[in-house]
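Report on one structure; see the data block that follows.
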Protein chains: 2
Amino acid sequence: MKESEARNRILNVTTRLFYEQGYNSTGINQIIEEAGIARASLYHHFPSKRDLLTAYLEEMGQQFVNELTAYLAPLKNPQRKILGLFDYRIERQYHTSFGGCHVMKISAELEKTDASAFSLVAAQKEKQKQAIINQVAQLHAKENAVLPGELLTETLFLLLEGATISSTIQKNIQPLKQARKAAAKLI
Amino acid sequence: MKESEARNRILNVTTRLFYEQGYNSTGINQIIEEAGIARASLYHHFPSKRDLLTAYLEEMGQQFVNELTAYLAPLKNPQRKILGLFDYRIERQYHTSFGGCHVMKISAELEKTDASAFSLVAAQKEKQKQAIINQVAQLHAKENAVLPGELLTETLFLLLEGATISSTIQKNIQPLKQARKAAAKLI
DNA sequence: ACACAAATAGACAGACCTGTCTATTTATTT
DNA sequence: AAATAAATAGACAGGTCTGTCTATTTGTGT
């Protein structure tokens, strides 16, 4: 029922354009044209542009988690999986020509007073963080670890976030490689 | 000569609006109205909107460095100054109601192919990073430090960046506090 | 007093924006 | 076969956008 052909085309085009051009710079008209569907069809499935934003975030969130899970699956132990988090980001940066994290991009376009949008966005980030928590939980704490468990999780997450935005601004993967190196010393 | 009254008003209003609403969502008409100047005056000083962007980045960069320098000045030793970097960000987040870093916000609105804009943006970030390098250079390396000097600098920078974006998305200072805690253990 | 720069008001072009509406056609289901 | 849903084309309203242009007034330095 939700699998209609037109809806899929709309969602695919929207996802691509919102990520490449941003939310504000992407117009309904462009979506209609590139998706090759009628105006009324779009408004039938998505009554307002805001509904497209919600769908975009959910779609991208789903993709991200699926891809990450697949990427980490073959890695053998928690250490390697944690380093895999950084490698995955590196691969993604190459694949998107340094487009950066979609959640960060969208959040920068939102008015800071738009609480409902920010709660959507924050929920997406929370999911990503959960992937780290799951791995750190399986680490055998080092004898004389510099950072205790919970702080280690947070630090790894923040390193990942900082390296991602930094890599996006600099348009090279150096920050992610450095973050990976630091992570290797901390786990 | 560049100190004309009208120009200052334009720049002040532009700076506020670009930061609060973003670049794409701020119109020339709104700037004119809020600055209380004539349309032709704006185009006299800034021939295109793009010129406003350049001026905005330079203005904000100047402000950021000045404020940070003033904030760190009374702190006594390199350790405290490094932790001061985090405290300064916390204060800024409160002061801007969690508006976040202006460089990150703008970079998220740029097309990733806009090389000239990205080089402006990257230069601003480089300046901020330099502030950390300066402090770390004065640290006496710990005997058995987990992270060697250069990697320590990069790690502190990435922690700061990650905690800033994370704090902006979550709308609370917890990430910055955690990053500060991690930094304290690393230096 | 003269010249030049800076600022003003406001109309205008040409394009784009979101969302609504009418009226018709195609599918699917019962 | 009848009814319901999904899709189509395209006009339309009301607004906003950037940038240009004319024509006039204010200010400043020489």
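Proteins get letters first, then strands, A, B, ... in listed order; numbering begins at 1 in each.
- When distances are taken from the side chain of A:Ser41 to each of C:dC17, D:dA7, C:dG19, the shortest belongs to D:dA7.
- Exactly one of B:Gln174, B:Arg92, B:Gln93 qualifies for a side-chain hydrogen bond (donor to acceptor under 3.5 Å, both in side chains) with B:Ser167. That residue is B:Gln93.
- Classification of A:Arg9 and A:Glu34 as a salt-bridged pair fails, no side-chain N sitting under 4.0 Å from a carboxylate O.
- Residue B:Ala6 is classed as a sugar-phosphate contact, given heavy-atom separations below 4.0 Å to backbone atoms only.
- Here the options are B:Leu160, B:Val103, B:Leu68, the test is side-chain contact (heavy atoms from CB on, under 4.5 Å), and the partner is B:Gln128; only B:Val103 passes.
- Phosphate proximity of C:dT8 to B:His44: absent, as no side-chain N or O sits under 4.0 Å from OP1 or OP2.
- Per the geometry, CG belonging to B:Leu42 stands 11 Å off P belonging to C:dT8, to the nearest Å.
- Whole-Å rounding puts the A:Ile32 CD1 to D:dA11 P distance at 14 Å.
- Applying the 4.0 Å criterion to OP1 and OP2 of C:dT18, one finds that A:Ser48 has every side-chain N and O outside that range.
- When each of A:Asn29 and B:Gly36 is assigned the nucleotide of DNA chain C with its nearest heavy atom, B:Gly36 is the one assigned upstream, toward the 5' end.
- For B:Ile28, the listed nucleotide lying nearest its side chain is D:dT18; candidates were C:dT20, D:dT18, D:dT8.
- We find that CG of A:Leu52 is positioned 14 Å from C1' of C:dC17, with the value rounded to whole Å.
- Distance from the side chain of B:Lys49 is smallest to D:dT18 among D:dT8, C:dG19, D:dT18.
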task = Starting from the C-alpha separation in whole Å, work towards a yes-or-no answer on side chain to side chain donor-acceptor pair (under 3.5 Å) for A:Gln130 and A:Glu126.
result = CA-CA 6 Å; A:Gln130 194 61 44; A:Glu126 202 54 43; over 6 Å; no
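- The ring-ring contact (aromatic ring centres under 6.0 Å, His included) with A:Tyr56 is formed by just one residue from the set A:Phe18, A:Tyr19, A:Tyr23; it is A:Phe18.
- For the pair A:Arg7 CZ and D:dA5 P, the computed distance is 18 Å after rounding to whole Å.
- A donor-acceptor pair shorter than 3.5 Å can be found between the side chains of A:Asp51 and A:Ser48.
- Within residues 9-26 of chain B, the residues that place at least one heavy atom under 4.0 Å from DNA chain D are, in residue-number order, B:Thr26.
- Candidate nucleotides D:dG19, C:dA7, C:dA9 were compared by shortest atom distance to the side chain of B:Ser4, and C:dA7 ranks first.
- Regarding B:Leu53, its CG atom lies at a distance of 12 Å from the P atom of D:dG19, rounded to whole Å.
- In the set C:dA7, D:dT8, C:dT18, C:dT18 carries the atom at the smallest distance from any side-chain atom of A:Arg39.
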task = Tell me, with the steps shown, if A:Arg7 and A:His44 meet side-chain contact (heavy atoms from CB on, under 4.5 Å).
result = CA-CA 9 Å; A:Arg7 191 179 190 278; A:His44 172 70; over 6 Å; no
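- Separating the CD atom of B:Glu33 from the P atom of C:dG10 is a distance of 13 Å, rounded to the nearest angstrom.
- Remark: P of C:dT8 and OH of B:Tyr43 are 15 Å apart, rounded to the nearest angstrom.
- Across the protein-nucleic acid pair, B:Asn8 atom CG and C:dA7 atom C1' stand 14 Å apart, rounded to whole Å.
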